[in-house]
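For reference, the structure discussed in these notes is given below.
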Amino acid sequence: FSSNTVGGEIYTWAGSAATFDGNYAGGTPPEGSKCFRTDCSSWAGWGVFSATGAVDMTEYRDGFIKFWLRSSTTVKIDLEDWAGVKVTKYVPTTSTAWQEITIPVSDFAGVNLAQIKGFFEITSDTATTFYIDYIRYVKGIFPVYRDAGIAAKCRVATTNGGVSQF
């Protein structure tokens with residue numbers, strides 16, 4: 001995560017049979033040659049958690065969580081602090097195409113960013129296969145490309161309002 005050097009562990013959860021492959025070489029990921037594939041016959045998910053105790057992520061309070069998603073179902077994204085406070089944002093289906101998802105960190109109001117435990121948690125509540133690639137935190141304002149209908153070199157600041165997709 002950017003300038004933060006932290007130890008992380010991946011945990012998985014499932015309501016029944018599920019497979020998790022963090023080195024999946026299929027799926028034509030948009031970044032690199034591998035992605036994280038989850039295949040489940042019921043609800044299932046996984047997350048990246050601190051292995052070293054609470055981590056201060058306040059430098060991203062005006063930033064974004066960005067990742068690539070390919071899913072035929074809605075998934076939920078959680079951020080969790082060390083006290084167990086968890087805030088959920090729902091991301092709708094990408095219709096099996098890869099889409100870059102951008103969620104303002106401010107959308108996770110109530111989570112103590114100075115005491116983060118779960119950096120990124122993703123769950124599907126139904127049977128499905130979904131893929132994740134290139135999860136990252138970014139600070140502040142970031143450029144939006146011309147194909148989003150916004151003139152080149154303009155900047156868009158999102159301060160509120162759910163999932164932003166570019």
Inset, instruction - To the nearest 0.5 angstrom, please state how far the OG1 atom of Thr12 sits from the CD1 atom of Ile10. - result: 9.5 Å
Legend entry - Closest approach of Cys35 to Ile132 (non-hydrogen atoms, all atoms of both residues): CB-O, 3.3 Å
Inset, instruction - Determine which pairs satisfy salt bridge (Lys or Arg N to Asp or Glu O under 4.0 Å) with at least one residue from residues 111-126, sequence neighbours left out, and list them in order. - result: Lys76-Asp125, Lys86-Glu121
Legend entry - Phe67: which of Tyr134, Tyr137, Phe120 passes ring-ring contact (aromatic ring centres under 6.0 Å, His included): Phe120
Inset, instruction - Supply the atom-to-atom distance Trp43 CH2 to Thr128 OG1, rounded to the nearest 0.5 angstrom. - result: 15.5 Å
Inset, instruction - For the residue pair Glu80 and Ile116, establish whether any side-chain heavy-atom pair is separated by less than 4.5 Å. - result: no
Inset, instruction - Could you tell me whether a side-chain N or O of Thr94 sits under 3.5 Å from a main-chain N or O of Ser71, the two making a donor and an acceptor? - result: yes
Inset, instruction - Tell me whether Ile135 is reachable from Phe108 by hopping between hydrophobic residues (I, L, V, M, F, W, Y) whose side-chain heavy atoms are closer than 4.5 Å. - result: yes
Inset, instruction - Check whether any side-chain heavy atom of Thr28 sits under 4.5 Å from a side-chain heavy atom of Trp98, and report yes or no. - result: yes
Inset, instruction - Kindly indicate whether the side chain of Pro29, heavy atoms from C-beta on, has any atom under 4.5 Å from the side chain of Trp68. - result: no
Legend entry - Sub-4.5 Å side-chain heavy-atom contact between Asp39 and Thr19: yes
Legend entry - Flag for Thr123-Trp13: side-chain donor and acceptor within less than 3.5 Å: yes
Legend entry - Nearest heavy atoms of Thr96 and Ser72, plus distance in Å: CG2-CB, 3.7 Å
Legend entry - Non-hydrogen side-chain atoms of Asn112 and Val85 separated by less than 4.5 Å: no
Inset, instruction - Can you measure from CG (Leu113) to OH (Tyr60) and round to the nearest 0.5 angstrom? - result: 11.5 Å
Legend entry - Worked check of side-chain contact (heavy atoms from CB on, under 4.5 Å) between Trp46 and Tyr11: CA-CA 5 Å; Trp46 58 271; Tyr11 295 109; over 6 Å; no
Inset, instruction - Hey, could you give me the CD/CG distance between Glu100 and Leu69, rounded to the nearest 0.5 Å? - result: 11.5 Å
Inset, instruction - Ignoring hydrogens and angles, tell me if any N or O in the side chain of Arg70 forms a donor-acceptor pair with the backbone of Gly27 under 3.5 Å. - result: yes
Inset, instruction - Quick one: pull up CZ in Arg136 and CD in Glu31 and give me the separation to the nearest 0.5 Å. - result: 6.5 Å
Legend entry - Pairwise side-chain contact, Phe36 with Phe130, heavy-atom cut-off 4.5 Å (strictly under): no
Inset, instruction - Indicate the atoms forming the closest heavy-atom contact of Lys34 with Ala25, along with that distance. - result: CG-CA, 4.2 Å
Inset, instruction - Taking all heavy atoms of Pro30 and all of Asp133, pick out the closest pair and write down the distance. - result: CD-OD2, 3.5 Å
Inset, instruction - Kindly indicate, with the supporting measurements, whether the criterion side-chain contact (heavy atoms from CB on, under 4.5 Å) is fulfilled by Asp21 and Asn23. - result: CA-CA 5 Å; Asp21 186 349; Asn23 287 307; 3.9 Å; yes
Inset, instruction - Is it possible for you to say whether Ile103 and Val87 belong to one hydrophobic cluster, with membership spreading through side-chain heavy-atom contacts below 4.5 Å? - result: yes
Inset, instruction - Write down the atom of Cys40, the atom of Thr126, and the distance for their closest heavy-atom approach. - result: SG-O, 3.8 Å
Inset, instruction - State plainly whether one hydrophobic cluster holds both Val48 and Val91, where clusters connect Ile, Leu, Val, Met, Phe, Trp and Tyr through side-chain heavy atoms under 4.5 angstrom apart. - result: yes
Legend entry - Heavy-atom closest pair, residues Phe20 and Gly45: CE2-O, 3.3 Å
Inset, instruction - Any chance you could measure Ile101, atom CD1, to Phe64, atom CZ, to the nearest 0.5 Å? - result: 14.0 Å
